[in-house]
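Notes follow once the structure below has been shown.
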Amino acid sequence: MADVRLVRVDFRLMHGQVVTAWLKQVSADAILIVDDKLASDKFLAQVFLMAKPPGVKVAIRSIEKAVAAFQNDSFKSEKMLVLFKSVESVKRAVDLGLPLEKLQVGGLGNGTDKVMISKELALNETELEALLDMQSKGVAVTLQMTPRDGVIALDDAARMVRERGNA
(Lines give C-alpha, C1' and ligand atoms only; values in the text may rest on other atoms or scores of the structure.)
Protein backbone atom coordinates (compact mmCIF):
# COMPACT_ATOMS: atom_id res chain seq x y z
CA MET A 1 0.00 0.00 0.00
CA ALA A 2 1.29 3.45 -0.90
CA ASP A 3 2.58 5.56 1.95
CA VAL A 4 1.10 8.97 1.08
CA ARG A 5 3.07 11.55 3.02
CA LEU A 6 1.36 14.67 1.66
CA VAL A 7 -1.45 15.52 -0.78
CA ARG A 8 -1.06 19.12 -1.91
CA VAL A 9 -2.83 21.49 -4.27
CA ASP A 10 -0.37 23.87 -5.93
CA PHE A 11 -1.03 25.40 -9.34
CA ARG A 12 2.71 25.29 -10.11
CA LEU A 13 2.81 21.52 -9.48
CA MET A 14 6.45 20.38 -9.21
CA HIS A 15 8.51 23.52 -8.68
CA GLY A 16 11.50 24.54 -6.56
CA GLN A 17 9.54 24.96 -3.32
CA VAL A 18 8.02 21.49 -3.64
CA VAL A 19 11.32 19.88 -4.53
CA THR A 20 13.47 21.63 -1.95
CA ALA A 21 11.12 22.06 0.98
CA TRP A 22 8.14 19.73 0.95
CA LEU A 23 9.93 16.56 -0.22
CA LYS A 24 12.39 16.88 2.64
CA GLN A 25 9.73 17.93 5.15
CA VAL A 26 7.65 14.80 4.56
CA SER A 27 10.54 12.42 3.64
CA ALA A 28 8.97 11.45 0.31
CA ASP A 29 10.89 9.56 -2.38
CA ALA A 30 8.23 9.73 -5.10
CA ILE A 31 5.99 12.41 -6.59
CA LEU A 32 2.68 11.70 -8.27
CA ILE A 33 1.36 14.58 -10.35
CA VAL A 34 -2.38 14.24 -10.95
CA ASP A 35 -3.47 16.45 -13.83
CA ASP A 36 -5.53 15.61 -16.90
CA LYS A 37 -3.95 18.20 -19.17
CA LEU A 38 -0.37 17.34 -18.24
CA ALA A 39 -1.08 13.60 -18.52
CA SER A 40 -2.29 14.10 -22.11
CA ASP A 41 0.56 16.42 -23.19
CA LYS A 42 3.56 14.16 -23.86
CA PHE A 43 5.98 17.04 -24.49
CA LEU A 44 5.11 18.98 -21.34
CA ALA A 45 5.05 15.78 -19.29
CA GLN A 46 8.58 15.02 -20.50
CA VAL A 47 9.71 18.49 -19.38
CA PHE A 48 8.39 17.76 -15.87
CA LEU A 49 10.01 14.33 -15.82
CA MET A 50 13.39 15.80 -16.83
CA ALA A 51 13.13 18.34 -13.98
CA LYS A 52 12.76 15.69 -11.30
CA PRO A 53 15.25 15.70 -8.47
CA PRO A 54 17.87 12.93 -8.37
CA GLY A 55 16.70 9.79 -6.61
CA VAL A 56 13.02 10.77 -6.70
CA LYS A 57 10.53 8.87 -8.83
CA VAL A 58 7.96 10.98 -10.66
CA ALA A 59 4.75 9.76 -12.27
CA ILE A 60 2.08 11.76 -14.07
CA ARG A 61 -1.49 10.44 -14.21
CA SER A 62 -4.89 11.70 -15.26
CA ILE A 63 -7.40 12.07 -12.44
CA GLU A 64 -9.27 8.88 -13.38
CA LYS A 65 -6.09 6.81 -13.75
CA ALA A 66 -4.69 8.10 -10.45
CA VAL A 67 -7.90 7.22 -8.59
CA ALA A 68 -7.92 3.74 -10.16
CA ALA A 69 -4.26 3.24 -9.25
CA PHE A 70 -4.94 4.07 -5.59
CA GLN A 71 -8.01 1.86 -5.54
CA ASN A 72 -5.96 -1.02 -7.03
CA ASP A 73 -2.99 -0.36 -4.73
CA SER A 74 -0.66 0.12 -7.72
CA PHE A 75 1.82 2.36 -5.93
CA LYS A 76 3.00 -0.32 -3.47
CA SER A 77 5.30 1.05 -0.79
CA GLU A 78 6.33 4.39 -2.28
CA LYS A 79 6.64 7.32 0.14
CA MET A 80 4.59 9.71 -1.95
CA LEU A 81 3.94 13.38 -2.35
CA VAL A 82 0.76 13.74 -4.44
CA LEU A 83 0.26 17.02 -6.32
CA PHE A 84 -2.88 18.46 -7.86
CA LYS A 85 -2.99 21.67 -9.90
CA SER A 86 -6.39 22.88 -8.69
CA VAL A 87 -9.00 22.45 -6.00
CA GLU A 88 -11.43 21.43 -8.75
CA SER A 89 -9.14 18.53 -9.75
CA VAL A 90 -8.72 17.15 -6.24
CA LYS A 91 -12.46 17.49 -5.61
CA ARG A 92 -13.15 15.50 -8.76
CA ALA A 93 -10.69 12.82 -7.61
CA VAL A 94 -12.37 12.61 -4.19
CA ASP A 95 -15.80 12.42 -5.85
CA LEU A 96 -14.49 9.54 -8.01
CA GLY A 97 -13.37 7.65 -4.91
CA LEU A 98 -9.84 8.79 -4.10
CA PRO A 99 -9.25 7.78 -0.48
CA LEU A 100 -8.09 11.05 1.06
CA GLU A 101 -7.68 11.85 4.74
CA LYS A 102 -5.71 15.11 4.60
CA LEU A 103 -5.29 17.84 2.01
CA GLN A 104 -2.89 20.75 2.09
CA VAL A 105 -3.70 23.75 -0.08
CA GLY A 106 -0.74 25.78 -1.29
CA GLY A 107 -0.57 28.20 -4.18
CA LEU A 108 -3.79 28.63 -6.12
CA GLY A 109 -2.75 31.69 -8.10
CA ASN A 110 -4.28 35.12 -7.91
CA GLY A 111 -7.40 36.60 -9.43
CA THR A 112 -9.79 39.45 -9.01
CA ASP A 113 -12.35 37.09 -7.45
CA LYS A 114 -9.92 35.85 -4.79
CA VAL A 115 -9.47 36.84 -1.17
CA MET A 116 -5.96 36.98 0.28
CA ILE A 117 -5.83 34.49 3.16
CA SER A 118 -2.15 35.14 3.88
CA LYS A 119 0.68 37.04 2.24
CA GLU A 120 0.87 34.44 -0.56
CA LEU A 121 -2.37 32.45 -0.38
CA ALA A 122 -5.60 33.49 -2.11
CA LEU A 123 -8.94 31.66 -2.32
CA ASN A 124 -12.20 32.30 -4.14
CA GLU A 125 -15.73 31.29 -3.19
CA THR A 126 -15.87 28.36 -5.65
CA GLU A 127 -12.63 26.89 -4.30
CA LEU A 128 -13.81 27.45 -0.74
CA GLU A 129 -17.11 25.63 -1.33
CA ALA A 130 -15.30 22.65 -2.89
CA LEU A 131 -12.88 22.49 0.05
CA LEU A 132 -15.71 22.76 2.58
CA ASP A 133 -17.53 19.95 0.78
CA MET A 134 -14.45 17.71 1.03
CA GLN A 135 -14.04 18.66 4.69
CA SER A 136 -17.67 17.69 5.35
CA LYS A 137 -16.82 14.25 3.91
CA GLY A 138 -13.99 13.74 6.40
CA VAL A 139 -10.99 15.27 4.61
CA ALA A 140 -8.87 17.41 6.96
CA VAL A 141 -8.11 20.53 4.90
CA THR A 142 -5.42 23.06 5.80
CA LEU A 143 -3.71 25.88 3.92
CA GLN A 144 0.06 26.41 4.00
CA MET A 145 2.51 27.78 1.43
CA THR A 146 5.84 26.60 2.83
CA PRO A 147 6.93 24.52 5.81
CA ARG A 148 8.08 27.77 7.47
CA ASP A 149 4.62 29.34 7.19
CA GLY A 150 1.91 28.79 9.74
CA VAL A 151 -0.91 26.38 9.02
CA ILE A 152 -4.27 28.04 8.37
CA ALA A 153 -7.40 26.08 9.23
CA LEU A 154 -10.04 25.92 6.50
CA ASP A 155 -12.67 27.35 8.85
CA ASP A 156 -10.49 30.44 9.40
CA ALA A 157 -9.99 30.84 5.65
CA ALA A 158 -13.74 30.47 5.12
CA ARG A 159 -14.43 33.26 7.59
CA MET A 160 -12.01 35.57 5.72
CA VAL A 161 -13.58 34.81 2.33
CA ARG A 162 -17.12 35.30 3.64
CA GLU A 163 -16.26 38.54 5.47
CA ARG A 164 -14.94 40.00 2.23
CA GLY A 165 -18.02 38.78 0.39
CA ASN A 166 -20.23 40.64 2.86
CA ALA A 167 -18.14 43.83 2.80
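A search for salt bridge (charged side-chain N to carboxylate O under 4.0 Å, His left out) contacts involving K137 returns D95, D133, not counting sequence neighbours. Scored by the ring-ring contact (aromatic ring centres under 6.0 Å, His included) test, F70 finds F75 as partners (sequence neighbours excluded). For the side-chain contact (heavy atoms from CB on, under 4.5 Å) test, residues two or more places apart in sequence or in another chain that qualify with S27 are R5. Considering only residues two or more places apart in sequence or on other chains, V139 meets the side-chain contact (heavy atoms from CB on, under 4.5 Å) condition with L100, L103, M134, V141. Among residues two or more places apart in sequence or in another chain, the side chain to side chain donor-acceptor pair (under 3.5 Å) test is passed with T142 by none. For the salt bridge (charged side-chain N to carboxylate O under 4.0 Å, His left out) test, residues two or more places apart in sequence or in another chain that qualify with R92 are D36, E64.
Pairing each heavy atom of L23 with each of P53, the nearest pair is CD1-CG, 3.8 Å. Of all heavy-atom pairs between A122 and M116, the closest is CB-SD, 3.6 Å. The minimum heavy-atom distance between I152 and I117, with the atom names listed, is CD1-CG2, 3.7 Å. Taking both residues in full, the closest heavy atoms of A66 and L32 are given as CB-CD2, 4.4 Å, listed atom of the first, atom of the second, then distance.
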Please tabulate, for side-chain N and O atoms in residues 123-132, each donor-acceptor pair with protein atoms closer than 3.5 Å (sequence neighbours left out).
unit_1: N124; atom_1: OD1; unit_2: T126; atom_2: N; d: 3.1
unit_1: N124; atom_1: OD1; unit_2: E127; atom_2: N; d: 2.7
unit_1: N124; atom_1: ND2; unit_2: D113; atom_2: OD2; d: 3.0
unit_1: E127; atom_1: OE1; unit_2: K114; atom_2: NZ; d: 3.3
unit_1: E127; atom_1: OE1; unit_2: N124; atom_2: N; d: 2.9
unit_1: E127; atom_1: OE2; unit_2: K114; atom_2: NZ; d: 2.9
unit_1: E129; atom_1: OE2; unit_2: R162; atom_2: NH2; d: 3.0

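Counting only residues at least two apart or on different chains, the salt bridge (Lys or Arg N to Asp or Glu O under 4.0 Å) pairs with a member in residues 142-156 are D156-R159. Residue pairs meeting the salt bridge (Lys or Arg N to Asp or Glu O under 4.0 Å) criterion with at least one member in residues 98-110, sequence neighbours excluded, do not occur. Residue pairs meeting the side chain to side chain donor-acceptor pair (under 3.5 Å) criterion with at least one partner in residues 37-63, sequence neighbours excluded, are K57-E78.
Here the options are L13, I31, V58, the test is side chain to side chain contact (heavy atoms under 4.5 Å, CB included), and the partner is F48; only L13 passes. For the side chain to side chain contact (heavy atoms under 4.5 Å, CB included) with L143, the qualifying choice from L108, L154, V151 is L154, the only one to do so.
Side-chain heavy atoms closer than 4.5 Å link hydrophobic residues (I, L, V, M, F, W, Y) into clusters, and following such links, possibly through other members, connects L49 to L83. Taking hydrophobic clusters as Ile, Leu, Val, Met, Phe, Trp and Tyr residues chained together by side-chain heavy-atom distances below 4.5 Å, L98 shares a cluster with L96. Both L44 and I33 sit in one connected hydrophobic cluster of ILVMFWY residues. Membership requires side-chain heavy atoms under 4.5 Å apart, directly or through other members.
Using a 4.5 Å heavy-atom threshold, the side chains of Q104 and V9 count as separate. W22 is listed as a side-chain neighbour of P147, based on a closest heavy-atom distance under 4.5 Å.
Not a single donor-acceptor pair under 3.5 Å links the side chain of D35 to the backbone N or O of K85.
Under a cut-off of 6.0 angstrom, the local environment of CD in Q71 is crowded, with over 12 non-hydrogen atoms contributed by other residues, nucleotides or ligands.
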